[in-house]
There are 2 protein chains.
Amino acid sequence: MLQEIVELEKLQKSDYRLTPQRKAVIKALMELDDEHPNAETIFNRARRYCPTIGIATVYRTLDVLIETGVIKKLPFPSRRGHYEIQKSPHIHFICQKCSQTYELDDEEKSFTVYQELEKKGYKVRNVSINVFGLCPDCGNK
Amino acid sequence: MLQEIVELEKLQKSDYRLTPQRKAVIKALMELDDEHPNAETIFNRARRYCPTIGIATVYRTLDVLIETGVIKKLPFPSRRGHYEIQKSPHIHFICQKCSQTYELDDEEKSFTVYQELEKKGYKVRNVSINVFGLCPDCGNK
DNA sequence: ATGTGTGCAAACGCTTTGCAGTGGG
DNA sequence: CCCACTGCAAAGCGTTTGCACACAT
């Protein structure tokens, strides 16, 4: 996977070691990226590639990956943390009935917000747009 | 307070009882609304108006208020829950250094998102835009 | 040799739940 | 008068931390 190499390089450049555990977590994150996984889901997938990994290491690795900008923690009003690889901005639509999360492009809108806030003196690192309601499936039942 | 009466009526209309505890929580939420309070902060303020209230009741009341649309749980990637009275959409800017949260108007942008998604078959109940970065204070140090 | 990184298990902190009692409508 | 609601304390659950060990450099 080409993309994976990019992520691994980001880590190396920041004085963090590329351990089997960290590689396993990144691999898990890449594979699960379309479902906004929580720590437990990432943990279970990462075990395929590093069976001895512990949940604490997953949490510590997620912190490292957030710090180096590889992933971000998603701002959902959920009790558990959800994570995704950093990529171009998009809208998250979260269905309040079935909890499905949809991704919808929104580079343009995010960019406008970005520009306006930078003009006002804010340094913008991440724009996040979440929409809550009923998805087409749940809304028509 | 005029606004408070509106919130109380919403509750009454939904077959929920207007207890001193619930009134106290609503009053606390109104007073603290500009600081996106967590349950503990709401609890401490509510005790001014109902000294015997318990934290469990605060949590249960918050659930009721969310269900009736009086308040919403804010989608911040924080471990604790944060709440605010439902009002017209705005951007939250959350400083990653000092954790200050700023509110910035954005009715227009939210409305555009709203319209586009409704066209696609989603039923939108709540649009939430969060921006993360450094606030003017922290960015210039 | 040094210190970053790890697994385990225990601790932590916020939130939820069970239950017996209370009071609003 | 009945049942929604409450306070208390205990349990629950996701996350963090302390510690001894491992292993890269």
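Model, not experiment: these values are computed from the prediction. Letters A, B, ... are given to chains in the order of the sequence lines, protein chains preceding strands, and every chain is numbered from 1.
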A.B. asks: Do you reckon A/Ile71 sits in the same ILVMFWY cluster as A/Ile53, going by side-chain contacts under 4.5 Å, direct or chained?
C.D. replies: yes
A.B. asks: If I take atom CD1 in residue A/Ile66 and atom C1' in nucleotide D/dT15, what distance separates them, rounded to the nearest angstrom?
C.D. replies: 12 Å
A.B. asks: One thing to verify: whether B/Lys87 and B/Glu103 come together as a salt bridge, which I'm taking to mean a side-chain N less than 4.0 angstrom from a carboxylate O.
C.D. replies: yes
A.B. asks: Suppose we screen for salt bridge (Lys or Arg N to Asp or Glu O under 4.0 Å). Which residues come up paired with B/Lys120, at least two apart in sequence or across chains?
C.D. replies: none
A.B. asks: Check the distance between C/dT6's P and A/Gln21's CD and give it to me in whole angstrom.
C.D. replies: 5 Å
A.B. asks: Under 4.0 Å from OP1 or OP2 of D/dT6: is there any side-chain N or O of B/Thr57 that close?
C.D. replies: no
A.B. asks: I'd like to check the ring-ring contact (aromatic ring centres under 6.0 Å, His included) partners of A/Tyr83; sequence neighbours left out, ordered by chain and number.
C.D. replies: none
A.B. asks: Can you pull every protein N or O that's under 3.5 Å from an N or O on nucleotides 10-20 of chain C?
C.D. replies:
unit_1: C/dC14; atom_1: OP1; unit_2: B/Arg80; atom_2: NH1; d: 3.1
unit_1: C/dC14; atom_1: O2; unit_2: A/Arg79; atom_2: NH2; d: 3.4
unit_1: C/dT15; atom_1: OP1; unit_2: B/Gly81; atom_2: N; d: 2.6
unit_1: C/dT15; atom_1: OP2; unit_2: B/Tyr59; atom_2: OH; d: 2.0
unit_1: C/dT15; atom_1: O5'; unit_2: B/Tyr59; atom_2: OH; d: 3.0
unit_1: C/dG18; atom_1: O6; unit_2: B/Arg60; atom_2: NH1; d: 3.4

A.B. asks: So do the side chains of B/Pro75 and A/Phe132 get within less than 4.5 Å of each other, counting heavy atoms only?
C.D. replies: yes
A.B. asks: Can you tell me the distance, in whole Å, between the NZ atom of B/Lys23 and the C1' atom of D/dC5?
C.D. replies: 14 Å
A.B. asks: Roughly how many Å is it from CG in A/Asp15 to P in C/dG3, rounded to a whole number?
C.D. replies: 15 Å
A.B. asks: Could you list, one pair per line, each protein nitrogen or oxygen that sits under 3.5 Å from a nitrogen or oxygen of nucleotides 21-25 of chain C, together with the distance?
C.D. replies:
unit_1: C/dG23; atom_1: N2; unit_2: B/Arg17; atom_2: NH1; d: 3.3
unit_1: C/dG24; atom_1: N2; unit_2: B/Arg17; atom_2: NH2; d: 3.3
unit_1: C/dG25; atom_1: OP1; unit_2: B/Leu18; atom_2: N; d: 3.4

A.B. asks: Give the angle between the helix axes at the two ends of the helix from C/dA1-D/dT25 to C/dG25-D/dC1, taking five base pairs at each end and rounding to 10°.
C.D. replies: 30°
A.B. asks: Would you say the side-chain atoms of A/Tyr122 and A/Glu116 include a donor-acceptor pair closer than 3.5 Å?
C.D. replies: no
A.B. asks: Starting at atom CD1 of B/Ile53, determine the distance to atom P of D/dC5, rounded to an integer number of angstrom.
C.D. replies: 14 Å
A.B. asks: Testing the 3.5 Å rule here: is there a donor-acceptor pair between the side chains of B/Asn38 and B/Thr41?
C.D. replies: yes
A.B. asks: Tell me, which pairs form a side chain to side chain donor-acceptor pair (under 3.5 Å) where one or both residues lie in residues 64-74 of chain B, sequence neighbours left out?
C.D. replies: B/Tyr16-B/Glu67, B/Lys72-B/Asn126
A.B. asks: Under 6.0 Å from the ring centre and within 45 degrees of the ring axis: does the NZ or CZ of B/Arg47 meet both conditions for the six-membered ring of B/Phe43?
C.D. replies: yes
A.B. asks: Looking at A/Glu118 and A/Lys123, is any side-chain nitrogen of the basic one under 4.0 Å from a carboxylate oxygen of the acidic one?
C.D. replies: no
A.B. asks: Answer yes if A/Tyr49 and A/Ile26 sit in the same cluster of Ile, Leu, Val, Met, Phe, Trp and Tyr residues linked by side chain heavy atoms under 4.5 Å apart, and no otherwise.
C.D. replies: no
